[in-house]
Amino acid sequence: MKKNILFLLIISAVNTSYGQFVISNEKSTLQISSNFSGFYNYRALKSGEVDQSKNRFKLRDAQLGIDGRVGNDFELSLKVDFADLAANSINTVIDPENPGLLNANVTYKGLKFMDIEMGYGKLHYSRNSMVPFENSAYWQSAELTRGSIFSVRDVGVTFIKNFWKQRANAYLGAYTGLGELSLAGDNDPSGQLEYIGRMDISYPSRYRYTEIDEKHTPIPMIQFGVAGRYANKKLPSGTAFPANATSSYGLKVIDGERYIYGLDVAFQYMGFSGQFEIHQMKSKPQNPNDPLFQNYTIDQTNGYILSGGYIAQLNYYIKDWRTIISARYEELDLNDLVIGNARKFSPAIGYKLKGSGAMIKFQYFNILREESIDAQSWKEQFRLGFQFQLK
């Protein structure tokens, strides 16, 4: 009889909302969600280019997420993307925006003066990279913040403090510093960590990490954020990191010291919203013959190179049509020793299907100007697909 009563209590505690399952008892809560998305990609190639292999259908996401809570002290977050795990088992290059394992961490909230997050997940540095993909009309983040210039995920510990009814938030953490490759095992030969800090403040109320103002906020809201990170690594001779994984730029982890500073601003009001974000990177390779110096002498460069860029994005949510309209402009300078920089313009549209967690998304890419060290085979790109959330 007791077993039957317990079974009925468990069943009665399972709620669904767009397929989301919540299981709870007196002390613990477990929430299960998932996300599916796929698209068709088409590239308009430059004159003389013939490789059309990127014109294809792609399963972007097949995610399963588990979020748990034990009392008021512990929170668990675990999210795996099976589509990326399958792709990474075949390919030698890992997409930093879609690495397979997205989240695996525990947050301790038993201290009155701060929370402690331990494990693997998104880094509290760039606001743009912290916005959930599911809430955006875009299929791909800006190149500056998608994980190929600096890592957006890592293994480590983060100390979190909220002030002023969560209008102000402070984050300070230490991480292995190898990004997604930190999951593979050892650190680099230096054994040094990467240190990251962020502070943001909102007014007049708490501002969540989102791009779209779906509720048509009746009072203007704004958020300012500043962030910084530092690492001093030592790579094996002849190794350009990442050798097999995340980027061809050679900036994500360098053989030497690296400083990065960021500033971001976001606002929303009556369906309109916008985000601006800028990052500056100072790299100081310890080898005077490092490829980042572009064959300049160390005296000509003062021993360092500069990289960085900015993103400006505007959005509007048409509530009656359940439609998101977005436009993004980005500039990226991978190396100040190379003349010129890259510029891209990318609008996007997302249409939410009524009564479900589904959205049809379209993104257009246009390369306005290229940097010689990041030349592409295409000028325009079109991406149309479907996203469905069980959440």
Side-chain angles (χ1 to χ4, degrees), residues 92-94 96 99 123 125-126 129 142-156 173-198 227-263 277-310 330-342 370-375:
T92 58
V93 177
I94 299 173
L123 298 169
Y125 172 72
S126 161
S129 67
E143 193 65 29
L144 177 63
T145 58
R146 68 184 301 265
S148 52
I149 309 300
F150 49 77
S151 57
V152 297
R153 289 181 174 86
D154 209 336
V155 179
Y175 313 89
T176 301
L178 301 182
E180 303 79 25
L181 290 189
S182 294
L183 294 171
D186 294 338
N187 200 348
D188 67 277
S190 73
Q192 297 294 317
L193 302 177
E194 181 173 23
Y195 304 95
I196 299 177
R198 174 180 172 82
R229 53 199 296 173
Y230 169 79
N232 187 4
K233 295 289 190 179
K234 181 178 181 181
L235 304 184
S237 177
T239 298
F241 186 91
N244 67 337
T246 47
S247 166
S248 59
Y249 301 139
L251 291 170
K252 194 165 178 177
V253 179
I254 72 162
D255 184 15
E257 288 186 283
R258 188 191 63 176
Y259 306 81
I260 312 179
Y261 312 96
L263 170 70
E277 191 164 322
I278 186 169
H279 298 276
Q280 177 75 65
M281 179 188 303
K282 183 176 183 179
S283 302
K284 301 174 67 176
Q286 62 178 354
N287 183 350
N289 298 316
D290 193 292
L292 289 176
F293 285 132
Q294 299 289 317
N295 296 320
Y296 285 86
T297 66
I298 196 167
D299 292 332
Q300 290 174 306
T301 64
N302 293 318
Y304 65 87
I305 66 122
L306 298 176
S307 310
Y310 69 87
E330 56 181 301
E331 286 198 12
L332 178 61
D333 188 352
L334 294 171
N335 193 321
D336 69 328
L337 301 179
V338 178
I339 297 175
N341 58 14
E370 287 184 325
E371 199 168 4
S372 61
I373 55 179
D374 186 30

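Keep in mind that this is a model prediction, so the values were computed, not measured.
- Using a 4.5 Å heavy-atom threshold, the side chains of Thr176 and Leu181 count as separate.
- For Arg229, the side chain to side chain donor-acceptor pair (under 3.5 Å) criterion is met by Ser151, Glu194, not counting sequence neighbours.
- In terms of modelled atom types and a separation under 3.5 Å, the side chain of Gln280 and the main chain of Ser307 share a donor-acceptor contact.
- The structure places CG of Leu334 at 12.5 Å from CG of Leu306, a figure rounded to the nearest 0.5 Å.
- With sequence neighbours excluded, no residue forms a side chain to side chain donor-acceptor pair (under 3.5 Å) with Glu330.
- Across all non-hydrogen atoms, the minimal contact from Leu178 to Asp186 is CD1-O, 3.7 Å.
- In this structure, the side chain to side chain donor-acceptor pair (under 3.5 Å) partners of Thr145, at least two apart in sequence or on a different chain, are Asn128.
- A donor-acceptor pair under 3.5 Å links the side-chain atoms of Lys252 to the main chain of Gly147, judged by distance alone.
- Scored by the side chain to side chain contact (heavy atoms under 4.5 Å, CB included) test, Leu337 finds Gln294, Tyr296, Thr301, Ile305, Asn335 as partners (sequence neighbours excluded).
- Distance alone, capped at 3.5 Å, places no donor-acceptor pair between the Arg258 side chain and the Ser283 backbone.
- Using a 30° and 60° split on the angle between ring planes, Tyr125 and His279 fall in the tilted class, from 30° to 60°.
- Take Arg153 and apply the salt bridge (charged side-chain N to carboxylate O under 4.0 Å, His left out) test, not counting sequence neighbours, and it matches no residue.
- When all heavy atoms are compared, the tightest approach of Pro285 to Phe293 is CD-CZ, 3.7 Å.
- Here Ser190 pairs with Asp188, Gln192, Lys233, Lys234 under the side chain to side chain contact (heavy atoms under 4.5 Å, CB included) rule; sequence neighbours left out.
- When atom types are taken as modelled, the side chain of Asn302 and the backbone of Tyr304 share no donor-acceptor pair closer than 3.5 angstrom.
- For the atom pair CG of Asp290 and NZ of Lys284, the computed distance is 14.0 Å after rounding to the nearest 0.5 Å.
- The salt bridge (charged side-chain N to carboxylate O under 4.0 Å, His left out) test applied to Glu371 returns no partner, not counting sequence neighbours.
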Step-by-step side chain to side chain contact (heavy atoms under 4.5 Å, CB included) determination, Leu144 to Ile278 | CA-CA 9 Å; Leu144 177 63; Ile278 186 169; over 6 Å; no
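- Across all their heavy atoms, Glu143 and Leu332 have their closest contact at CG-CD2, 4.0 Å.
- Residues passing the side chain to side chain donor-acceptor pair (under 3.5 Å) test with Tyr175, sequence neighbours excluded: Thr158.
- With sequence neighbours excluded, the residues satisfying side chain to side chain contact (heavy atoms under 4.5 Å, CB included) with Asn341 are Glu331, Asp333, Arg343, Arg369.
- In plain terms, the two heavy atoms of Gly177 and Ser182 that are nearest each other are N-OG, 4.0 Å.
- By the side chain to side chain contact (heavy atoms under 4.5 Å, CB included) test, Tyr261 pairs with Tyr259, sequence neighbours left out.
- Atom CD1 of residue Ile254 and atom CG of residue Asn287 lie 11.0 Å apart, to the nearest 0.5 angstrom.
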